[in-house]
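Chain letters run A, B, ... following the sequence lines, proteins first and then strands; every chain starts at 1.
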2 protein chains.
Amino acid sequence: MSTSPKPLHLNAFLMSTGHHEASWRLPESDPYSTTSIAHYAKLAQTAERGRLDSIFFADSPSLWGTIGRRPSGSLEPTVVLAAIAALTTRIGLIATASTTYNEPYNLARRFASIDHISGGRVGWNIVTTATLDAARNFNRDELPSHAARYARAEEFLQVAKKLWDSWDDKAVLADKEAGLWGDDRLLYPAAHAGEHFQVAGALNVPRTPQGHPLLVQAGSSEDGRAFAANHAEAIFTAWQTIEEAQAFYADVKRRAKDAGRDPDGVLVLPGIVPVLGSTEAEARLLEEELDRLIVPEYALGNLAKQLKLDPSELDLDKELPAVLPTEDEIEGAKSRFTLIVDLARRERLTVRQLIGRLGGGRGHRTFTGTPEQVADAILDWADNGAADGFNIMPAVLPSGLEAFVDQVVPILQAKGRFRTEYEATTLRGHYGLARPENPRRAEAVASAVKGVLAHSR
Amino acid sequence: MSTSPKPLHLNAFLMSTGHHEASWRLPESDPYSTTSIAHYAKLAQTAERGRLDSIFFADSPSLWGTIGRRPSGSLEPTVVLAAIAALTTRIGLIATASTTYNEPYNLARRFASIDHISGGRVGWNIVTTATLDAARNFNRDELPSHAARYARAEEFLQVAKKLWDSWDDKAVLADKEAGLWGDDRLLYPAAHAGEHFQVAGALNVPRTPQGHPLLVQAGSSEDGRAFAANHAEAIFTAWQTIEEAQAFYADVKRRAKDAGRDPDGVLVLPGIVPVLGSTEAEARLLEEELDRLIVPEYALGNLAKQLKLDPSELDLDKELPAVLPTEDEIEGAKSRFTLIVDLARRERLTVRQLIGRLGGGRGHRTFTGTPEQVADAILDWADNGAADGFNIMPAVLPSGLEAFVDQVVPILQAKGRFRTEYEATTLRGHYGLARPENPRRAEAVASAVKGVLAHSR
């Protein structure tokens, strides 16, 4: 189907002891890894050894559910990635942060700072935060509506871009002799006054190695896709079948084109959960061991929450109730809701079976098998219009990432489909994306020319 | 005057090329150091080599003044310190952050995260941010009043403490066999509903190595002193004379005692600018060279801003105008205003002379001389009730910090007045402060006991 195949992009999605909710119970796992920077640094170094494009942390500013059944809580990703930046040299560093519960000046500045600290390796996974628990930590009684969150996100990003572009690339003169450190005419204050934000000044951080962070997005709802088409440079997404992934891929590329963007500048990275064994049987054994360790009553509570049901409405040994809320009624993670319901209906899963499927990757596709089988599945999706690369979500960490890097990556490299050495120093470079020009400079030049012309009349 | 002298505490206040505003113009200085993590990491490692208690970054979420005359802008301190945490093992890490322009959940979480990352080495310099420029970056047209900022700070800190104490030290069970990761009964949600903040949940970060960050404060106004007496564990302050420093020291210790606290648990650290030479004449030469490099017209603009005057009201070769605003009229940094005016009046300085004095350390006391003279001055203040230690503000960086560590610290060590090795692993440990107990646990136990008693009746 494809002509000369495009290079693959691989991101490692990191999460304490792994993406399977029972992974912490394995003998090999460190149940205290949620707060261990040594654990995360080791994972980042493993990903860098595999020449992956980036690592990534999900995030929400709230404690999700209870702490009873699985490692809960997580260090704040921007400070974790700043620490990891100091301990790595090439791997890209993508942090999730919420537009609903941050102020643009603070967040734009933190990302700009990490871009300087890391020499141009930071990315921002932009989320609007779909939980009531988070809202209640930020002075609210209710979750703001999906539409309201996306409207704020849109303006938030406008402001952030103005701030990242508020210093010209040539603003710092560093002329010791003349005593001139910078050129004030090459500062472009945000001067933003909108519906949600009023931000007057320039950022207090010079323009960064990447110009601005790689912008990543992960919502697949209608609002999410529109936002992604306008802004995202990489998209994390979750699909169970290649057909669904192909449809999403085509839709996003079309939307990006309609928005006047180069579709190749919007990379689509479905999440996959590799469960590896040296034989297929060995891989299946690991998967069964993990599913056996799930505590079903706890998982049932989480499932009920995602479906906006009371736990008493679910029976472990029956299918989902015939009548469920519609996506329109979900103010949280709309696309995740639909994915779960579609999966259960399509395969006629009992609640217990559904929990097993979701426990591994929370709705992401699991590929269980040998390294060759997983590499083949990856290339099947990549070569058939379903993916530009993948968001790798190991079921168990660190072992699952080590297995992927040591066993799957070499196969992709041998086939000439993945880099054997980094060719770039920045995250944008790894993803084949250019450093954005500063649009404010062009505006400033135009306005200065206009001033001169007016003056000379 | 003192019986057996208490150990000194030393903090290194870091700032691009140094605290003298013309330091960037020296041949040795890197004018791009504002965005260089290598520069800051090297400074931190130098401070650690000298066994200093901590390093510290000031901060404001705005670009201060113009970029024309001195390095402007600064990386966001929490991410800088997270990176430095990864490159050091013992030095304490104090970041400034504003209670006026942050949300407690986000900030409490970031500090808790860095405390985990650093193994218990983080401190928070609590500021209310006294500039209109910052207000205008956060949806406001006016600087909130001094009183309003402190009222918010008070509640902010209450919420932050509730969040830091929202996990019992024993909340994580990590019982793989039983499948029990944590004990939900040992979570104490903030459940805060106050005038400024409504925060329902527990933090999503377990209780940290230090329990909570070392709390630092730097305002010396009436509101600032009251806040410090109630909350601060270390105070950064600026005095020109030992008499003023003694009066402040006695006042703060008395206020802490009146607030029911142990006065020894509130450490007072005046800022000093050491300008070192192998002879006194050599030190004076460096000082003169730096003062000669100040651009007076630029400094005059900054001075006018701090005094709430128009620059045209100041004449470089005359004293300050006879009529000035009073401290009550200043909504910004009140104590800094008074310090400047007192200094100018007391020594009958012209504006040009005043600028020279302020250019070195922005109102902090400069000690110019040999290592022996600087060490003597330090011990004079420490032994006569003016200081528990010092906030060291080298005029030039990195050379000024290296000179202090290599030449002044050994003198203090030889006199038995400063540690030769770290005896603790945490910042609280360096400052001789205990890890705070979790008050929520006592409340929870009391409430549980009450429940059992009620039940058994």
Side-chain angles (χ1 to χ4, degrees), chain A residues 24-25 31-32 34-35 37 41 61-64 66-76 78-80 82-83 85-87 101-103 105-106 109-110 113-114 116-117 133 136-140 171-172 174 176 179-182 184 187 197-206 293 295, chain B residues 24-25 31-32 34-35 37 41 61-63 66-76 78-80 82-83 85-87 101-103 105-106 109-110 113-114 116-117 133 136-140 171-172 174 176 179-184 187 197-206 293 295:
Chain A
W24 72 276
R25 297 183 68 188
Y32 296 97
T34 40
T35 52
I37 193 69
S62 64
L63 188 63
W64 206 84
T66 71
I67 66 171
R69 293 302 182 176
R70 64 173 297 178
S72 294
S74 52
L75 302 179
E76 197 282 323
T78 63
V79 294
V80 171
L87 301 172
Y101 303 116
N102 280 288
E103 284 289 325
Y105 198 94
N106 288 336
R109 183 179 179 212
R110 225 151 72 236
S113 298
I114 303 174
H116 280 292
I117 289 171
D133 283 346
R136 297 182 67 225
N137 290 334
F138 292 86
N139 311 322
R140 291 172 177 272
V172 178
K176 290 181 181 182
L180 278 173
W181 187 77
D184 285 308
L187 281 185
F197 305 110
Q198 196 178 316
V199 179
L203 200 62
N204 52 357
V205 177
L293 291 171
V295 180
Chain B
W24 73 276
R25 297 183 67 187
Y32 297 97
T34 41
T35 53
I37 192 70
S62 65
L63 189 64
T66 71
I67 66 171
R69 292 302 182 175
R70 62 173 298 178
S72 293
S74 52
L75 302 180
E76 195 283 324
T78 63
V79 294
V80 170
L87 301 171
Y101 303 117
N102 280 289
E103 284 289 324
Y105 199 93
N106 288 336
R109 184 178 178 211
R110 226 151 69 236
S113 298
I114 303 173
H116 280 292
I117 289 171
D133 284 345
R136 296 183 69 226
N137 290 334
F138 292 85
N139 311 321
R140 291 171 176 274
V172 178
K176 290 182 182 182
L180 279 173
W181 187 77
D183 185 342
D184 286 308
L187 281 186
F197 304 111
Q198 196 178 315
V199 178
L203 200 62
N204 51 358
V205 177
L293 291 171
V295 180

**Fill in**
Most contact-rich option vs chain A, by heavy-atom pairs under 4.5 angstrom, among B/Pro61, B/Gly201, B/Gly73, is B/Pro61
**Trace of the side chain to side chain contact (heavy atoms under 4.5 Å, CB included) decision for B/Arg109 with A/Ser62** = CA-CA 10 Å; B/Arg109 184 178 178 211; A/Ser62 64; over 6 Å; no
**Distance in Å, B/Trp181 CH2 paired with A/Ile67 CD1, rounded so as to fall on 0.5 Å steps** = 6.0 Å
**Asked** So what's closer than 4.5 Å to chain A heavy atoms on B/Leu187: side chain, backbone, both or neither?
**Response** side chain
**Message:** Contact between B/Val199 and A/Phe138 at the side-chain level, heavy atoms closer than 4.5 Å - yes or no?
**Reply:** no
**Prompt:** Does the side chain of B/Leu75 reach to within under 4.5 Å of the side chain of A/Ile114, using non-hydrogen atoms?
**Reply:** no
**Item:** Option that, when pairs with chain B are counted at under 4.5 Å, heavy atom only, ranks first among A/Asn102, A/Thr35, A/Thr34, A/Val80
**Value:** A/Thr35
**Message:** Given heavy-atom pairs under 4.5 angstrom as the criterion, report whether the side chain, backbone, both or neither of B/Asp183 touches chain A.
**Reply:** backbone
**Message:** Tell me which of these, A/His116, A/Arg136, A/Arg110, has more heavy-atom pairs under 4.5 Å with chain B than the rest.
**Reply:** A/Arg110
**Request:** Answer whether the closest heavy-atom distance between the side chains of B/Leu180 and A/Arg69 falls below 4.5 Å.
**Result:** yes
**Asked** Measuring heavy-atom distances to chain A, does B/Ile37 have an atom under 4.5 Å in its side chain, in its backbone, in both, or in neither?
**Response** side chain
**Asked** Under a 4.5 Å heavy-atom cut-off, does chain B meet the side chain of A/Ile117, its backbone, both or neither?
**Response** both
**Residue part contacting chain B, namely of A/Leu203, when any heavy atom lies under 4.5 Å** = backbone
**Prompt:** Side chain, backbone, both or neither: which part of B/Ala174 has an atom under 4.5 Å from a heavy atom of chain A?
**Reply:** both
**Item:** Which portion of A/Asp133 sits near chain B, non-hydrogen atoms under 4.5 angstrom
**Value:** neither
**Request:** Side chain from CB out, backbone as N, CA, C, O: work out which of these in B/Ala41 comes under 4.5 Å of a heavy atom of chain A, or both, or neither.
**Result:** neither
**Asked** Heavy-atom distance under 4.5 Å between the side chains of A/Asn139 and B/Glu103, does that happen here?
**Response** yes
